[in-house]
Trainee: 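Starting off with a structure, shown below.
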Amino acid sequence: MRVDYTAAGIHLPEIGVWLDPREARPAAWLSHGHSDHATGLHGMVYGTPDTLRFYRKRWPEDPAVSQQLQPLPFHQTLEHGGARLTAYPAGHILGAAQLLVEFGGERLVYTGDIKLRPPLCGDATETVACDRLIIESTFGLPIYHFISKEDARQRILDFARECLADSTAPVFLGYPLGRGQEIAHVLTRGGIPAAIHGAIARYIPEYEAAGYDFPGWQPYDSRDASPRALVVVPGMRNYLEASGRAVRVAYVSGWAALDNARTRAGAEELIPYSDHASFQELLEMIEATGAKDIDIVHGYTEPFARYLVTAKGLRASAPQYAAQREEPES
């Protein structure tokens, strides 16, 4: 199956589908709802129902968007351009999915952003057998090791309780979609009063529709100094510190696996929980798929591809194309 790596994204020209394109295209598969993947007003948009809800929210006033959405729930299949398309969970954020493309006797899997560990919110990843695999490598170096969702939940709650007992506001930095809702869900389910920044709160209804509750949360209000945890976007950290309020900051991210994250994020507590796969997880997923050919996209593409070739004897490459992207909060 031909795969073209272009400035606009990854293209499967024989069937006329683009994978997470950066520009408007006639037909696009969106692996998940983050804005650097689910972007552009495409002619036809395929994605899981949760992903399409996130995508639709970006154009609330455009009725044409709803007419071009084609939901593809997990484990269901549809036909496009002579190919069979099937979605499988990817574990990255709510609704994140891999795409299995079956065409001409070949099975190709595009993972999008993915991890093997079960997420705090969302469906656990299922590895899919294939001939060719297109996989991300945001953390494709052996220095990256992450904790489980159970450990992450406990460390979030412990830090919040310790701060509140000391009359200090625990501040959690969260990406507007994905990490922010996971932290808020852990805190509120754990009985911690929490105020949530509007950029994060705007997606809570989609998480509630998927079965995740957030009991007792309140919108973040800078004038409210009552004792509660604050779940805010990273840009709020300096503002909170400048306000004179007693705060302690926790950084929940894959990047927290590195000691320099304290200085980089301005955080006291580092919780190395990621929505991307660790180095070891990537190796496990690749082996489980049985793929003969592996394309590495996003992140540490070249060193990870070299490792697969030299240490594992696999056929791996790191295609270079302008649409590669990395997410700041992982």
Side-chain angles (χ1 to χ4, degrees), residues 19-20 29-34 36-38 46-55 71-76 86-100 109-130 133-140 144-153 156 174-186 203 206-207 209-212 252-257 271-289 291 294 296-299 304 325-327 329-330:
L19 308 176
D20 287 337
W29 162 257
L30 306 184
S31 64
H32 64 282
H34 280 148
D36 62 339
H37 289 254
Y46 297 111
T48 64
D50 288 320
T51 292
L52 295 186
R53 278 192 284 271
F54 295 137
Y55 173 77
L72 183 56
F74 295 137
H75 309 117
Q76 294 190 20
T86 309
Y88 292 90
H92 177 59
I93 65 169
L94 182 65
Q98 308 167 76
L99 182 67
L100 168 64
V109 167
Y110 171 65
T111 67
D113 289 347
I114 192 169
K115 70 175 180 182
L116 196 55
R117 288 160 294 110
L120 285 164
C121 297
D123 295 88
T125 293
E126 301 173 23
T127 53
V128 183
C130 60
L133 179 68
I134 304 174
I135 188 170
E136 62 119 336
S137 63
T138 299
F139 292 110
Y144 291 107
H145 305 275
F146 306 132
I147 61 177
S148 68
K149 70 174 186 178
E150 291 80 13
D151 287 343
R153 180 184 293 112
I156 289 168
Y175 199 64
L177 174 57
R179 181 57 37 71
Q181 291 78 25
E182 287 189 320
I183 295 170
H185 178 64
V186 168
Y203 293 110
E206 282 68 37
Y207 275 75
Y212 298 96
V252 186
S253 169
W255 303 112
I271 302 177
Y273 169 80
S274 179
D275 52 19
H276 291 268
S278 68
F279 179 81
Q280 188 59 40
E281 287 176 272
L282 291 170
L283 296 180
E284 290 176 18
M285 284 189 287
I286 289 169
E287 181 177 2
T289 67
I294 303 152
I296 313 298
V297 295
H298 315 318
F304 188 58
R325 76 287 299 250
E326 293 178 24
E327 293 176 32
E329 291 294 306
S330 301

Trainee: I'd like to check the ring-ring contact (aromatic ring centres under 6.0 Å, His included) partners of Y203; sequence neighbours left out, ordered by chain and number.
Mentor: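 Once residues adjacent in sequence are excluded, the partners of Y203 under the ring-ring contact (aromatic ring centres under 6.0 Å, His included) criterion are F54.
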
Trainee: In terms of side-chain geometry, is the basic nitrogen of E281 or K115 positioned less than 4.0 Å from the acidic oxygen of its partner?
Mentor: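 Salt bridge flag = no for K115 with E281.
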
Trainee: Is there a donor-acceptor pair under 3.5 Å between the side chain of D20 and the backbone N or O of S31?
Mentor: yes

Trainee: Are any of the side-chain nitrogens in R153 or E150 under 4.0 Å away from the carboxylate oxygens of its partner?
Mentor: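 Looking at R153 and E150, the cut-off is not met.
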
Trainee: More than 12 heavy atoms of other residues, nucleotides or ligands under 6.0 Å from CD of E284: yes or no?
Mentor: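 Counting neighbours around CD of E284, more than 12 heavy atoms of other residues, nucleotides or ligands fall under 6.0 Å, so yes.
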
Trainee: Among side-chain atoms of T138 and E136, is any donor-acceptor pair under 3.5 angstrom?
Mentor: yes

Trainee: Is any side-chain heavy atom of T289 less than 4.5 Å from a side-chain heavy atom of V109?
Mentor: no

Trainee: Can you give me the closest heavy-atom contact between D113 and A90, atom names plus distance?
Mentor: O-CB, 3.7 Å

Trainee: Is the backbone N or O of A124 less than 3.5 Å from a side-chain atom of R117, with the two atoms forming a donor-acceptor pair by type?
Mentor: no

Trainee: Counting distance only, does the side-chain N/O of S253 pair as donor-acceptor with the main-chain N or O of I271 below 3.5 Å?
Mentor: no

Trainee: Checking side chain to side chain contact (heavy atoms under 4.5 Å, CB included) against I114, which of H92, Q98, H32, H276 comes through?
Mentor: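 It is Q98, the one option of H92, Q98, H32, H276 that forms the side chain to side chain contact (heavy atoms under 4.5 Å, CB included) with I114.
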
Trainee: Just so I know, are the side chains of H75 and Y88 near enough to count as touching, which here means a heavy-atom distance under 4.5 Å?
Mentor: yes

Trainee: Would a distance-only check, ignoring hydrogens and angles, find a side-chain to backbone donor-acceptor pair under 3.5 Å from H145 to S278?
Mentor: no

Trainee: Are any side-chain N or O atoms of T51 and backbone N or O atoms of G95, one a donor and one an acceptor, separated by less than 3.5 Å?
Mentor: yes

Trainee: Check for a donor-acceptor pair, side chain of Y144 on one end and backbone N or O of A277 on the other, with a separation under 3.5 Å.
Mentor: no

Trainee: For the backbone of C121 and the side chain of Y207, can you confirm whether one donor and one acceptor N or O come within less than 3.5 Å of each other?
Mentor: no

